[in-house]
Amino acid sequence: MTETDLLVIGAGPAGCSAAIYAVRAGVKTIIAGGAMPGGQLLQTNDLENYAGFVNPVGGFELMDNMHKQCKRLGVQITSDEIVKIEGEKPPFILTASSGEQYRAFAVIIAAGATARWLGVKGEEKLKGRGVSACATCDGFFFKGKEVIVVGGGNTAFEDALFLAQFCPKVTLVHRREGFRADAVTVEKAKNTPNISMLLNCVVEEVLGDESVKGALVRNVQTKDCVQVPCSGIFVAVGAVPQTAWLKDSPVNREPSGLIKVDARQSTNIEGIFAAGDCTEEQFRQAIVAAGTGARAGISAAAFVNLHR
Ligand code: NAP
């Protein structure tokens with residue numbers, strides 16, 4: 001069993017920021033970051049809105065820098081994925097999927113969020129065979145092919161712009177006419193000749209047996225259905241908090257899975273804090289995650305230094 005003052009679950013911007021603040025307050029801090037530490041930013045090409053960078057910074061580069069910064073300050077980052085948390089007061093016992101256990105006086109849950117799927121016919125069967133939730137990871141396999149992107153947020157638009165660099169035709173399918181994506185990004189897509197949009201439309205079915213051959217797209221206003229031929233369907237319809245593993249724990253969550261926190265990022269259990277996308281309904285931005293992570297790090301460090 002590994003002993004620590006603070007265990008941070010998640011090595012995305014929230015977890016790293018929390019760890020940086022805690023370790024600098026003299027608190028022994030370990031991050032359990034899972035097999036792919038870095039979270040959703042690892043799937044982001046360029047960030048243009050993370051303050052402090054004159055030019056766009058790559059998501060991977062930003063996370064790599066945060067991990068190096070954590071390590072330089074003395075934070076240990078492990079590849080453990082925490083699957084269980086026990087205890088209603090400190091110390092808490094945390095168990096990883098490997099069986100490894102930690103005893104921590106305080107915990108920060110910064111487990112992030114993961115892709116939401118459409119839940120339509122054909123989607124599950126063809127995941128990894130043309131259906132993907134990560135254009136950055138899988139886009140390369142669709143070079144020279146026609147693809148569809150589903151969604152109207154920043155992820156969908158950035159995915160469409162990324163894919164348009166090497167796919168001859170990218171069709172963005174969105175269920176209404178308004179977009180959640182930034183105006184600047186929407187404008188870039190509108191000015192990209194090989195991106196077209198099917199608005200007020202939903203994907204009703206993913207077509208194909210062995211691999212994706214197209215999508216059945218229904219116009220929600222006219223109810224008309226068309227078959228759109230394509231080799232890839234990139235689903236970018238938002239994210240769900242990665243908190244299902246907390247179901248048998250006393251940590252309070254919303255029905256959506258979001259962890260409830262107060263202004264100090266404290267959960268209902270004293271000594272357990274949470275930050276980042278697993279607590280955030282509306283502002284799922286890297287910089288917001290880093291900000292709430294900082295708040296959780298400061299709060300957790302104060303808790304450890306006061307009560308331990
Ligand atoms: P999002 O902003 O929640 O957008 C999800 C989109 O999917 C919405 O347009 C939504 O439609 C649509 N949608 C949801 N469920 C659907 C369903 N079942 N069927 C069809 N469409 C569905 O998610 P996101 O684009 O992943 O972005 C998440 C957060 O990360 C946002 O805060 C975003 O700004 C941020 N982000 C930032 C950057 C950046 O700044 N570089 C890049 C990527 C993401 P409605 O609009 O009709 O609800």
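Order of appearance sets the numbers: ligands from 1, and atoms from 1 within every ligand.
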Practice prompt. With a 4.0 angstrom cut-off on heavy atoms, strictly below it, pick out the residues next to ligand 1 and order them by chain and number.
Written response: N49, L118, G151, G152, G153, N154, T155, E158, H174, R175, R176, R180, A236, V237, G238, R284, Q285
Worksheet entry | Check: F166 ring centroid to F140 ring centroid under 6.0 Å | no
Practice prompt. Begin with the C-alpha distance, continue with both residues' side-chain angles, and end with the deciding distance and a verdict on side-chain hydrogen bond (donor to acceptor under 3.5 Å, both in side chains) for S98 and D80.
Written response: CA-CA 7 Å; S98 61; D80 277 326; 3.1 Å; yes
Practice prompt. Output, in order, the C-alpha distance, side-chain angles, deciding distance and verdict of side-chain hydrogen bond (donor to acceptor under 3.5 Å, both in side chains) for S211 and R129.
Written response: CA-CA 5 Å; S211 61; R129 289 188 282 163; over 6 Å; no
Worksheet item: Would S231 and E146 count as having a side-chain donor-acceptor pair, cut-off 3.5 Å?
Response: no
Practice prompt. Indicate whether any N or O donor in one side chain lies under 3.5 Å from an N or O acceptor in the other, for Y102 and T95.
Written response: no
Discussion item. Please determine whether the number of non-hydrogen atoms from other residues, nucleotides or ligands lying under 6.0 Å from atom CD of E81 exceeds 12.
Written reply: no
